[in-house]
There are 2 protein chains.
Amino acid sequence: MRGKLTKSQQKILDVLKSVEGEISAQEIHHILRRNGFSTGLATVYRTLKSFLLQGLIKERITVDGESLYQLLNHSHQHHFNCINCGKSIPLPDNNCPINEAVYKSLLPNNFRIYYHTLEFFGLCESCQTLANDKKQSKV
Amino acid sequence: MRGKLTKSQQKILDVLKSVEGEISAQEIHHILRRNGFSTGLATVYRTLKSFLLQGLIKERITVDGESLYQLLNHSHQHHFNCINCGKSIPLPDNNCPINEAVYKSLLPNNFRIYYHTLEFFGLCESCQTLANDKKQSKV
DNA sequence: CTGTCTGCAAAACGTTTGCATGGCG
DNA sequence: CGCCATGCAAACGTTTTGCAGACAG
């Protein structure tokens, strides 16, 4: 894939564009199937990997071990993730603290940076109270 | 597990303490086996999940989909990750831009934050040249 | 005794790969 | 005609789960 996209690749890109936030490979696959395309799951994965290497999309792995993808030109989000229930709550995106200056100060310049992820982990409100009630995961 | 640790759990904690940086569940398992303990892999996973929920350790999922664990009181590291070859290069940890003030400004206070991850993704030097040579992943 | 922790093996899950087919230049 | 992309199914590696037995309080 150099420049031109195949039909399948174009359809996958369309789905990515149509989605507000992040989406998984399997969801893309379902949407395509639902819309009558016989695209295989493997093609979705292969295309996403290719998009990723071209710096077109970003990838984020959730607490549940699933990869979510998002177009890079979309406004990016960071999240709070509950390590107990797996809930992932996007933070207001207006004030991401990672700007050009931070990039430059932290990273050697022989890397080509496509994107970053900033994620917070802990317990959400309800999982905190569950933990306090000791009903939970004494393990 | 409330306060007191079982033998297995203590041994797993010891391994975490003995390691400078991050370590995978499987590596912990191997080390225990090598040292003559018959600890099962499932126990390692179960214990790590419990440690995680107690805020004892942090978890980071690599580009290859493997979880790495690290004691939370150890100095934390951020990384540059090559999306092509999977290399993960730790950044100088002295100046993490995510401090208390940033936490407070970004996050609602009904979450209990245990830790954060900040990761940069892109192409490392050698993968950039490979990409330029077009020998690579035209997909 | 009772309840939790453990090891083992099997299952689950998301993802990747091999291979034969198909489509496009 | 040749080459790359595709679909399918099988393979893969990590993590989770079910279960019976071991252990501790």
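Chain letters run A, B, ... following the sequence lines, proteins first, then strands; residues in each count from 1.
- At whole-Å resolution of the value, CD in B/E27 and P in D/dT15 are 11 Å apart.
- The phosphate of C/dG25 (OP1 or OP2) has no side-chain N or O of A/K4 nearer than 4.0 angstrom.
- Distance, B/F37 CZ to D/dC23 P: 15 Å, rounded to whole Å.
- Distances from the side chain of B/L41 to the nucleotides D/dC8, D/dA24, D/dT15 place D/dT15 closest.
- Here C/dT15 presents its P atom at 16 Å from CD1 of B/I83, a figure rounded to the nearest Å.
- Contact annotation: B/K49 reaches the phosphate of D/dT16 (side-chain N/O to OP1 or OP2, under 4.0 Å).
- Per the geometry, NZ belonging to A/K11 stands 8 Å off P belonging to D/dG7, to the nearest Å.
- Listed here is the closest heavy atom pair of B/I57 and B/Y115: O-CE2, 3.9 Å.
- Among the heavy atoms of the strands lying under 4.0 Å from B/S38 are primed sugar atoms or P, OP1, OP2 only; no base atom is included.
- Going from atom CG of B/L32 over to atom P of C/dG7 covers 9 Å, rounded to whole Å.
- Relative orientation of the A/H76 and A/H116 rings is perpendicular, given thresholds of 30° and 60° on the angle between their planes.
- You'll find the side chain of B/L16 reaches within 4.5 Å of the side chain of B/F51, heavy atoms only.
- For A/Q26 and C/dC13, the shortest distance from a side-chain N or O to OP1 or OP2 is not below 4.0 Å.
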**Message:** Show, in sequence, the C-alpha distance, side-chain angles and deciding distance for B/E119 and A/T117, and conclude whether the side-chain hydrogen bond (donor to acceptor under 3.5 Å, both in side chains) test is met.
**Reply:** CA-CA 5 Å; B/E119 300 291 316; A/T117 62; over 6 Å; no
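- Residue A/K7 places none of its side-chain N or O atoms closer than 4.0 Å to OP1 or OP2 of D/dA5.
- We find that CZ of A/R46 is positioned 12 Å from C1' of D/dA9, with the value rounded to whole Å.
- Between B/S67 and D/dT14, a side-chain N or O to OP1/OP2 separation shorter than 4.0 Å is absent.
- In this structure, A/L48 places its CG atom 9 Å from P of C/dT15, rounding to the nearest Å.
- Under 4.0 angstrom from either OP1 or OP2 of C/dT6 there lies at least one side-chain N or O belonging to B/T6.
- Residue B/T39 has no polar side-chain atom (N or O) positioned under 4.0 Å from OP1 or OP2 of C/dT6.
- Atom C1' of nucleotide D/dT15 and atom CD1 of B/I28 are separated by 14 Å, given to the nearest angstrom.
- The line from CD1 of B/I12 to CZ of B/R46 is 10.5 Å long, rounded to the nearest 0.5 Å.
- In terms of position on DNA chain D, the residue among B/E59 and A/A42 whose nearest nucleotide sits closer to the 5' end is A/A42.
- Between A/T43 and D/dA5, a side-chain N or O to OP1/OP2 separation shorter than 4.0 Å is absent.
- Closest to the side chain of B/Y45, from the set D/dT14, C/dT6, D/dA24, is D/dT14.
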